[in-house]
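Below you'll find the structure, written out as structure tokens, and then a few comments.
Starting from 1, each residue takes its place in the sequence as its number. Any value given below was found using the heavy atoms of this structure, including those in side chains, with hydrogens, waters and symmetry copies removed. Because the structure is predicted, anything quoted here is derived from the model rather than measured.
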Amino acid sequence: MEYKYEMHCHTKGGSRQCGRTEPKEIARLYKEAGYSGVVVTDHYSPLTFNFLKGYGNPKKHIDAYISPYYELKKYEDENFSVMFGMELRHYGTGNDYLIYGVDPEWLRQQDNLLMLPEKDMYKLMHNQGYLVFQAHPYRPYITRCNPAYIDGIEIYNGKVPKKSNEKAEAWAKRSGKLTVAGSDFHVPKQLAKGGIVTSRPIRNNDDLLDVLKSQEFTPIKTY
């Protein structure tokens with residue numbers, strides 16, 4: 001049996017600057033599209049917290065950031081799982097990093113992660129056993145991170161041109177990094193434009209990390 005998972009998904013409540021789809025609708029759409037689950041990777045970035053009072057201190061609003069994940073998780077069932085992740089961008093850069101395996105309650109206890117440069121961010125995440133992937137590394141205004149500070153690379157992104165994705169895949173091969181693929185879902189027209197297909201069911205973040213580390217999946221590409 002094969003299972004399809006969305007690895008890059010944004011909600012209306014969590015990605016306040018760009019997400020346009022409510023968690024309930026995301027669950028309905030992805031179930032209808034035949035997916036077995038989604039990883040919520042809302043933007044933990046200066047742009048997200050610009051929309052809230054207390055700009056510069058995400059910790060004050062971490063409940064608002066996490067709550068769409070818990071709302072989406074209400075629609076989890078035996079055939080559809082919901083995992084928590086994040087897309088982190090720190091101050092002074094256009095680079096985005098997909099973090100997999102994150103415990104939302106751990107995140108609730110952290111200080112302002114926007115302050116961390118790549119090296120320190122990577123160390124912090126690795127101390128928790130999480131995995132760090134650079135998202136859409138060949139999108140305009142993004143620079144490639146030092147490979148020493150990432151575990152993997154998003155080799156396919158549903159919102160990025162084919163040529164840019166091909167460059168990302170070539171970089172992953174050269175650097176020997178793990179890979180992942182996702183739709184970068186924000187609105188319904190971006191539904192099911194990417195993800196992974198695996199023979200192993202993913203029910204939680206432990207399963208997710210195992211699949212990513214083993215690379216026992218096929219990326220979904222919808223060119």
Side-chain angles (χ1 to χ4, degrees), residues 4-10 15 18 38-48 83 85-102 113-114 116-186 190 192-200 202 205 208-223:
K4 292 195 293 186
Y5 296 93
E6 177 58 75
M7 302 295 292
H8 193 159
C9 178
H10 298 278
S15 294
C18 56
V38 301
V39 184
V40 178
T41 55
D42 277 319
H43 290 289
Y44 187 110
S45 76
L47 293 174
T48 293
M83 281 70 66
M86 61 192 298
E87 186 172 10
L88 173 64
R89 177 189 296 184
H90 56 261
Y91 291 127
T93 180
N95 291 4
D96 294 308
Y97 299 93
L98 294 164
I99 316 295
Y100 295 112
V102 182
L113 300 183
L114 301 176
L116 296 178
E118 283 98 339
K119 182 178 180 179
D120 294 337
M121 178 267 292
Y122 182 67
K123 181 178 180 180
L124 176 67
M125 298 305 172
H126 256 232
N127 284 343
Q128 296 299 314
Y130 307 152
L131 293 176
V132 179
F133 288 69
Q134 184 164 10
H136 38 63
Y138 284 88
R139 200 171 69 178
Y141 309 111
I142 285 179
T143 59
R144 265 59 65 199
C145 177
N146 183 334
Y149 305 144
I150 54 174
D151 298 293
I153 296 163
E154 187 180 44
I155 62 166
Y156 175 87
N157 178 288
K159 292 174 60 182
V160 171
K162 181 179 180 181
K163 186 175 182 179
S164 296
N165 282 328
E166 288 174 343
K167 289 181 179 179
E169 188 163 9
W171 182 40
K173 289 179 180 178
R174 290 195 307 270
S175 58
K177 293 297 178 179
L178 301 176
T179 65
V180 75
S183 299
D184 203 350
F185 174 90
H186 292 75
Q190 296 160 353
K193 297 294 185 181
I196 64 172
V197 178
T198 176
S199 61
R200 298 170 57 182
I202 299 173
N205 270 349
L208 176 63
L209 292 174
D210 286 344
V211 168
L212 288 173
K213 289 175 183 177
S214 70
Q215 295 285 277
E216 293 180 5
F217 64 81
T218 301
I220 298 171
K221 301 178 181 180
T222 56
Y223 294 125

Electrostatic pair D96-R139, nearest N-O below 4.0 angstrom: yes

I153 vs T179 side-chain heavy atoms within contact, under 4.5 Å: no

Under 3.5 Å donor-acceptor, T93 side chain and H90 backbone: no

Crowding at NZ, K4 (>12 non-hydrogen neighbours, <6.0 Å): yes

Non-hydrogen side-chain atoms of M83 and V38 separated by less than 4.5 Å: no

Side-chain donor/acceptor of D151 to backbone N/O of V132, under 3.5 Å: yes

Side-chain heavy-atom pair E216, R200 within 4.5 angstrom cut-off: yes

Heavy-atom check, side chain of D210 versus side chain of L212, under 4.5 Å: no

Salt-bridge contact K221-E169 (side-chain N to carboxylate O under 4.0 Å): yes

Residue pair S45 / L88, side-chain heavy-atom distance below 4.5 Å: no

Heavy-atom donor-acceptor pair, S164 side chain to V160 backbone, under 3.5 Å: no

Worked verdict on S183 versus E6 for side chain to side chain donor-acceptor pair (under 3.5 Å): CA-CA 7 Å; S183 299; E6 177 58 75; 2.4 Å; yes

Ring center gap for Y130 and Y100 short of 6.0 angstrom: no

Sole candidate of I220, L208, T198 that passes side-chain contact (heavy atoms from CB on, under 4.5 Å) when paired with Y5: T198

Student check: side-chain heavy atoms of E87 and Y97 closer than 4.5 Å: no

Under 3.5 Å donor-acceptor, Q128 side chain and M125 backbone: no

Y223, OH: over 12 other non-hydrogen atoms inside 6.0 angstrom: yes

H186 and H8 aromatic centres sub-6.0 Å: no

Exercise: do S15 and H43 side chains pair donor with acceptor under 3.5 Å: no

Side-chain (Y156) to main-chain (T222) donor-acceptor, under 3.5 angstrom: yes

Side chain to side chain, K163 and Y138, heavy atoms closer than 4.5 Å: no

Heavy-atom donor-acceptor pair, T41 side chain to C9 backbone, under 3.5 Å: yes

Donor-acceptor under 3.5 Å (E118 side chain, Y149 main chain): no

